[in-house]
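The structure under discussion appears below in the form of C-alpha cells.
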Amino acid sequence: MFRLENVQKIYSRHGTAVTAFQCSSLSVATGAYVAILGPSGSGKTTLLSLLGGMLSPTQGRIWLGEQSVYDLSVEQRAKLRQEWLGFVFQTFNLVPYLTALENVQVPLCLAGEAAEVQRDKATAMLRRFGMEERLLHKPRELSVGQQQRVALARTLVSNPPVILADEPTGNLDPESRELVLNSLSECHHEGKTIVMVTHDPVAAERAERTVQLIAGELRDGGETTAMRSVA
Amino acid sequence: MRLTSLVWKELRERPSAMLTSGLTILLGVAAIVAIRHVTVHAEGEVSRQLATLGANILILPRDASLQDYYAADQSGKTLPEEHVSEVFFAGLTGVEKVSPKLSVPAKLSGQAVTLTGILPQSEFKTKVAWQSVSLFAPKKHDGCQRVKSAADEDQSPESLVKNRSIEQLQKSEVVIGADIAQRTGLKPGGKASLLGEMFSVLAVLPATGTVDDGRVFAHLHTVQRLAKTGEVVNAIEIVGCCEDAAGDLVPQLGKLLPGAKIVTISQVVQTQVGVNRLIGKTSWFVLAVLVTIGCATVAGAIAANVRERRREIGTLMALGATPRFVSRMFLLKALWLGLGCGTAGSLIGIGLALCLGPLWAGVAIQPLPGLSILAVVAASGLAIAAAYWPARQAAKLDPCVCFQEV
Ligand SMILES: Nc1ncnc2c1ncn2[C@@H]1O[C@H](COP(=O)(O)OP(=O)(O)OP(=O)(O)O)[C@@H](O)[C@H]1O
Ligand SMILES: [Mg+2]
C-alpha cells in the first residue's frame, strides 16, 4: 500500500537543521497492521504526516498504491485523504462546537454526501460504538473514553482503506484502550491497512509487524509475538 | 451538514469572539447611514426653501447674527419701524412686498410662544392710496413675469406661509402656527388671550417644519403696544419679484439704510449649504476612519480565529477538507458578520436619523432604501476583503498541525 523511497525530512530552524526522519526504503503491504515504536522525538509523527500527504518530504518519494503522493496538488492530496485515509489522534481532535453526531458527519460532509445519508451513516456508526444515547452531546459533555469512541466512529464512517493512528491509546484507561485496540484489530480483519505509532508495548503487540524508529532512522523490528503465535 | 452550518455553529458557540468587530461594523454603518440620511435630506430641504423663498432679502440690525432664515427676527436686536416706509416709498425696482416683523415672547394658555407682529399688505395699499401718488409705488422689474405663480395671487391668511406676508389682519386678530394650534386646540374663530388682551383666531397656518409653526402672528402695532417696545421691528423681509431684482436691490438698499445689515436669501442659504458641505465632507472623513477601523478589527478577529482554531483546521484538512473549503469557512463568516451587523447598523442608522434629523438639522427624514442597502453591501464586501488575507493563511496551514497536542 505504502512505499517510501529515499525519504528524508529535514527541519531547518534558526540555522540548525534537524533531520526528523529518514529512510532509504520502507513498504507497508496492503492489509498490513504495522506498529511504529520509538522514543519521543524519534520522528514517529513526522513519518505519519509524510504518509498522510500532509508534510512534503525534503527529498524522496512516497507512494500510496500507484500514486506518488507529493506529485499531486494540495487540493488533490486533500481528496486523496478524503477517499483513502482515516486518522486516529491521541487527543481525539473532535470539533468542540459540534455534537457527537455532527462530528461523525464531518468527513461525509467534506465528501459532499447528502444530509440524509450523512445522518444515517453517522448514526449507524455511533450505534456500533455504543454511543446512540449521546448523539446530541458536545465533546465537553463526554468522558475521555466516549470522546475516543466518537473519534473512532468519525474515522471509520467514510470506510477508508487505510488507517493512520498516532498514539491512539496514549490518553486512555485500560478499558477504553481495549476498545480502541479491538476496533483497530477488527479493521485489520476487514482488510484495512493500519499504521499505528505508539509508545505502548501492549498496543504494539496487537500489530502484525513492528518498526523501530531511532533518531529518525528506521529499523525493522520484525513480526510481533502475537503474529508469530497466530502464525 | 454543510459548510454553512459548520460556520454558523462555530459563530453561535462563541459569538463573543466576533463581538468587537461586529460592533465596529454595526456602529460604523449606523453612523454613516444616519449622517448620509441627514445630509441628503438637509440638502433637499435647502433647495426646497430656496424654491419657496425665491428672491427674498432681509434687512436686519447691523449686529444681528443670522443662522436660520426663519428665525432671523428672533435675535432681540431692533431697527426703527420707519425703515419700512423708507423702503416702500423709495420706489426701488423689483420690490414686491415689504413685511416687517417684531417678535416678543408671550404665553398662550400657559404655553410659551413667540408672538410675532406683522403688517398686513392692505395697509401699504391704503398708504399708497392716501399718498395718491403712484410715483412712490414700487416699479415692476423686467424679469418679474417669469416667476409669478398662482401662489402669489392667493390672498388667504394661510398664504402667509408661502408668501411671507398677509393681505388682511385686524388689530384684534391673530393667525397661529400649526404646532400651537395642535397644542392648544385653538381653531379659526376661537379666542386667545395674549399679553393680557383677547384676540380672535383668524386662521391656522399649515405645518411648515420651521419655527413658524410655533409662532402667533398679530398686528405689528398691537404687538408694539402690548410689549411697550416703541416703534421698532426686529427684521424687515423684502420679497423681490425675481432673483435678478433681488441682486440689484441689495446695493440700493445698502445705500438707503446704511445702519442696517442687508442679506439675500441665497447668502443665508449659502451658509446653510456650506454647513451641509462640511457635514458631507466630515461624513466622508468619518467613513474613511470607520472603514479603516472596521477592516482592521475584522481582519484581526478572523486572524485570531484562525490562530486559535489551527488544530481544528488541521483536523478538517486531515479529514479531507481542501484549502478552498477552509478559506471559504472564514470568508463566509466575514460575509455574515458584514451582512448581519451591516443590516442591524443600517436599521439603527435610519432610526437615529428619523429621531435626530428633525432635532439637529430641522429636517424631516424619509428612509432611503438605496443608500441603506448600499451600506450593507459595502460593509459585507469590506468584511470579506478584510478577511481575505487571514482566510488565505488558514488555507495554507500545514494539515500536520492536527497532530500537535493542545
Ligand atoms: N515543525 C517542526 N519544526 C522543527 N522541528 C520539528 C518540527 N516538527 C518536528 N520537529 C522535530 O522533528 C523531530 C521528530 O519529531 P516528531 O514529532 O516526529 O517526534 P515523535 O516521535 O512523534 O515524538 P513524540 O513521541 O514525542 O510524539 C523532533 O526532534 C522534533 O523536534
Ligand atoms: Mg508524536
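This is a predicted model, so every value here is computed, not measured. By convention in this document, chain letters (A, B, ...) are assigned in the order of the sequence lines, proteins followed by strands, and residues within each chain are numbered from 1.
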Considering only heavy atoms and a distance below 4.5 Å, find which of A:Glu83, A:Lys79, A:Arg140 pairs most often with chain B. A:Arg140
Is there side-chain contact between B:Arg311 and A:Thr91, with heavy atoms separated by less than 4.5 Å? yes
Using 0.5 Å steps for rounding, measure from the CD atom of B:Gln404 to the CG atom of A:Asp166. 11.5 Å
Main-chain N/O of A:Cys109 paired with B:Arg2 side-chain donor or acceptor, under 3.5 Å: no
Honestly, the part of B:Arg309 sitting under 4.5 Å from a heavy atom of chain A is side chain
Measure distances from B:Glu312 to the heavy atoms of chain A and classify the residue's part below 4.5 Å as side chain, backbone, both or neither. side chain
More than 12 heavy atoms from other groups under 6.0 Å of CD on B:Gln366: no
Would you say that B:Pro323 contacts A:Glu75 through its side chain, given a criterion of any heavy-atom pair below 4.5 Å between the two side chains? yes
Euclidean distance, B:Met1 CE relative to A:Leu110 CG, rounded to 0.5 Å: 8.0 Å
Taking CD in A:Glu133 as the centre, count heavy atoms belonging to other residues, nucleotides or ligands within less than 6.0 Å. Is the count above 12? no
Give me the contact list for residues 336-356 of chain B versus chain A, heavy atoms only, anything under 4.5 Å, ordered by residue number. none
Where along residues 377-400 of chain B does a heavy atom come under 4.5 Å of chain A, listed by residue number? B:Asp398, B:Pro399, B:Cys400
Whether over 12 other heavy atoms sit under 6.0 Å from B:Trp8 CH2: no
What distance separates A:Glu167 CD from B:Phe403 CZ, expressed to the nearest 0.5 Å? 11.0 Å
Shorter than 4.5 Å, heavy atoms on both sides: which option in B:Arg12, B:Arg14, B:Arg324 has the most such pairs with chain A? B:Arg324
Is the number of heavy atoms from other residues, nucleotides or ligands under 6.0 Å of B:Gln182 CD greater than 12? no
Sort A:Ala122 into side chain, backbone, both or neither according to what part of it lies under 4.5 angstrom from a heavy atom of chain B. neither
In sequence, state the C-alpha distance, the side-chain angles, and the governing distance for B:Lys9 and A:Leu98, and then conclude on side-chain contact (heavy atoms from CB on, under 4.5 Å). CA-CA 7 Å; B:Lys9 279 169 179 152; A:Leu98 297 181; 3.7 Å; yes
Under 4.5 Å to a heavy atom of chain B? For A:Glu113 that would be backbone
How many angstroms lie between atom CZ of A:Phe89 and atom SG of B:Cys402, to the nearest 0.5 angstrom? 4.0 Å
I'd like to know which of A:Gln105, A:Arg119, A:Glu102 tops the heavy-atom pair count under 4.5 Å against chain B. A:Glu102
Euclidean distance, A:Leu94 CG relative to B:Thr315 OG1, rounded to 0.5 Å: 9.0 Å
Minimum heavy-atom distance A:Met54-B:Ala318, with the two atoms named: CE-CB, 3.5 Å
When rounded to the nearest 0.5 angstrom, what distance separates OH in A:Tyr97 from CG in B:Leu6? 4.5 Å
